[in-house]
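All heavy atoms count here, side chains included; hydrogens, waters and symmetry mates do not. One-based numbering, in listed order, for ligands and for the atoms of each. All values reported here derive from a predicted model rather than from experimental measurement.
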Amino acid sequence: MSVDSALAAPAELAGTLTGPLTPVHPEDLVPGWWRSAVIYQVYPRSFRDLNGDGIGDLAGITAELPKLADLDIDAVWLSPFYRSPQRDAGYDVSDYCDVDPLFGTLADFNAMMAEATRLGLRMIVDLVPNHCSDQHVAFQAALAASAGSPERDHFIFRDGLGTFGEEPPNNWQSHFGGPAWSRITEPDGTPGQWYLHLFDTSQPDFNWDNDAVHEEFERVLRFWLDRGVAGFRVDVAHALVKAPGLPEWGGRADGNSCDGYPGHDAPMFGQPALHNIYRRWRQILSEYGPDRILCAEANVDPLPRLADWVRPDEMHQAFNFPYLHAGLDVHRMRGIITESLTALDSVGAPSTWVLSNHDVVRHATRFGYDGHAPRDGDGIGSFDPQPDEVLGRSRAAAASMFMLGLPGGAYLYQGEELGLPDGINIPDNQRQDPTFARTGGERLGRDGCRVPLPWRTAEPHAGFGDGAAPWLPQPESFAGLARDAQAASPASHLNLYRRMLAERRALGLGRGSLAWAEAWCTDTCLAYVNGTTLVLLNAGRESVELPAGRVLIRSGQREAGDGLESAELPDSGHRLSPGEAVWLEINLEDAES
Ligand code: NOJ
């Protein structure tokens, strides 16, 4: 239930709570750390460069893990660090069971795991099962073999259409732009078959109708489970299985994989046979005990279908991307939260909230616009309308506070605790996301959210590394936003995150539930009660009166501008500023007496 009967809301709330959502379901009684966990995404190439080559590395992660532990998170998810030609920043894997020399060695991985264990942090790794790199030994073998061979059957090869097979086998488009098929030259030098790649040409899709592919990935799972990982974030988990016959599909398939909703009839998404794969993987994880988890990166439409991914014998978590895309539209947010909690509760699963990751414009930048929201994968360039950085950062703090009060788990993306904006002035010749090249620059891609982190204000490259220039240029504002400066400023974005995460744990918000506080839900405000905490977001342009209750924390308690000068506390009397959120301790008995 959402509101403990021993407690009561202030007078204006009494009788106006709608809920509860997420009543205690029998499944909730199964202990599961992930149900309420805060998991921090590390994007290795942009985290910390210890060897001075301008790209982050595993040793850099190990060195800075204590600072993550200090944030009071539960686990870290690492984006790919496997051997890879890096055509899609490591999501093009050429060896699933080795570390790319760019990032270090397996010994470095072991050292990182040991440090994580010492600090009480779990480590989740990325699994990329939809496709590999064209340099993977299996794809090279397929190219060297003939049409119809067992080697080709590991992938999706087809003859082309047209008199000479010169047309692609169907009309599917790649997520990064252009056709989803490329034609090969056969070993005898003649123009040959076509292979499917939902992403870059260098990322051939595996054929999940082939048992050998299943066996290979089961081996990969065990390889990393044996090394102590706490689980896997499964890349494009909705795309592995394609509809029989690969039917033509006119729907949109050109977005980033985290963008939009592909439609429930897409022949390359959400096929029923997917679920058997994840059931099998769950069994394998269970052999290692109850604490290893699977998290789906799955775009699912309509939203209630997300529940199919987190049934008790399938995955543990599935990112709530509709929430990420809701912006600060309170009606949309409310609809998505209600629909998510209702649907997921029907299978006893928690929701997994997220606002930023390495595929989307950072929320501190998204919220710096009024109305205009850049489409994922499009990025922002210097000729585009520019965000208001200060406004964006302040709204981002409020949005994070609202999200971290919700019941369920949450993912944070590295740098959001610093309120970092996207990199905007990236010269075209330094852009690395394949989206940029494959669309002829029409879509700038995702480099903006991948800019290397600032650690130390006074050091070269804001302390990312003291050698070569970072692989993407850092905006000027990064030095002032560096972690060391923020750590020293009680009013910083970083210290707000620390306080929020500590308070969230102390209050047990992740394991709580939700009732809408109707008295405070308007066209511009959204409020809910979780346990004894009232969470209120003011997404409007006018300040609003604060409900009665003890202020636990408010998002405006941070520096007002770019610098780290002392806080301009917003109207801290009894009003909540525009773009501000608050957590209040409430007591229903006050209202009833
Ligand atoms: C989703 C990943 O998050 C993204 O970065 C990647 O480009 C695609 N999947 C392809 O692996």
Side-chain angles (χ1 to χ4, degrees), residues 39 41-47 77-94 96 100 124-136 139 155 172-178 180 196-206 208 217 220 232-240 253-262 268-269 274 294-300 317-321 324-325 352 354-362 375-379 411 413-414 422 431-439 443-451 471-472:
I39 301 180
Q41 178 187 359
V42 165
Y43 193 66
R45 53 171 38 237
S46 301
F47 189 71
W77 150 37
L78 287 181
S79 282
F81 51 82
Y82 314 111
R83 268 192 195 264
S84 157
Q86 304 291 324
R87 294 279 297 275
D88 182 21
Y91 282 94
D92 50 322
V93 181
S94 56
Y96 287 86
D100 195 284
I124 292 170
V125 296
D126 222 303
L127 187 73
V128 190
N130 179 66
H131 48 264
C132 60
S133 159
D134 58 1
Q135 301 306 307
H136 191 286
F139 191 70
F155 298 90
W172 295 3
Q173 297 293 297
S174 146
H175 291 266
F176 294 153
L196 179 72
H197 52 86
L198 290 183
F199 294 88
D200 189 49
T201 52
S202 65
Q203 294 167 295
D205 280 43
F206 280 111
W208 278 89
F217 274 93
V220 173
F232 303 88
R233 172 267 191 191
V234 181
D235 191 58
V236 271
H238 55 300
L240 276 52
D254 65 335
N256 171 291
S257 71
C258 294
D259 176 25
Y261 309 102
M268 69 291 275
F269 300 133
L274 282 167
L294 293 167
C295 175
E297 189 230 10
N299 275 310
V300 178
Q317 298 181 319
F319 289 116
N320 195 321
F321 291 129
L324 185 153
H325 290 285
T352 302
V354 60
L355 284 168
S356 280
N357 64 35
H358 65 292
D359 289 327
V360 301
V361 172
R362 286 179 173 279
R375 200 183 96 174
D376 293 345
D378 281 7
Y411 277 70
Y413 176 48
Q414 65 177 34
D422 257 39
R431 290 200 180 271
Q432 306 212 13
D433 183 354
T435 311
F436 182 71
R438 281 187 67 82
T439 61
R443 292 167 58 202
L444 297 175
R446 302 159 294 175
D447 293 321
C449 62
R450 299 175 175 181
V451 174
W471 68 283
L472 287 171

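- Remark: of the listed residues Tyr43, Tyr413, Phe319, Phe319 is the sole one forming a ring pair (Phe, Tyr, Trp, His ring centres under 6.0 Å) with Trp77.
- Listed by chain and number, the residues in a ring pair (Phe, Tyr, Trp, His ring centres under 6.0 Å) with Phe217 are Tyr96, Phe206, Trp208 (sequence neighbours excluded).
- Below 4.0 Å from some heavy atom of Glu297 lie the following atoms of ligand 1, by number and element: 1 (C), 3 (O).
- When heavy-atom distances to ligand 1 are checked against a 4.0 Å cut-off, Gln41 has no atom that comes that close, whether in backbone or side chain.
- The ligand atoms of ligand 1 that sit less than 4.0 angstrom from a heavy atom of Arg450 are 5 (O).
- Under 4.0 Å from ligand 1, not a single heavy atom of His175 appears.
- With hydrogens and angles ignored, the 3.5 Å screen pairs no side-chain donor or acceptor of Asp92 with any backbone N or O of Ser84.
- If you look at Phe319 next to ligand 1, there are no close heavy atoms at all, none under 4.0 Å.
- Contacts of Arg87 with ligand 1, taken as heavy-atom pairs under 4.0 Å, are absent altogether.
- Within the 3.5 Å criterion, the main-chain N or O of Arg362 finds no donor-acceptor partner in the side chain of Ser356.
- For ligand 1, the atoms lying closer than 4.0 Å to a non-hydrogen atom of Asp88 are 6 (C), 7 (O), 10 (C), 11 (O).
- A donor-acceptor pair under 3.5 Å is formed between the side chain of Ser174 and the backbone N or O of Phe199.
- A donor-acceptor pair under 3.5 Å links the side-chain atoms of Arg450 to the main chain of His358, judged by distance alone.
- Within ligand 1, the atoms closer than 4.0 Å to a non-hydrogen atom of Arg446 are 4 (C), 5 (O), 6 (C), 7 (O), numbered from 1 in the order shown.
- Between Asp433, Asp359, Asp200, Asp235, it is Asp359 that holds the heavy atom closest to atom 3 (O) of ligand 1.
- Interface of His131 with ligand 1, defined as ligand atoms under 4.0 Å from a residue heavy atom, comprises 10 (C), 11 (O).
- Asp447 places a side-chain N or O within 3.5 Å of a backbone atom of Asp433 that can act as its donor or acceptor partner.
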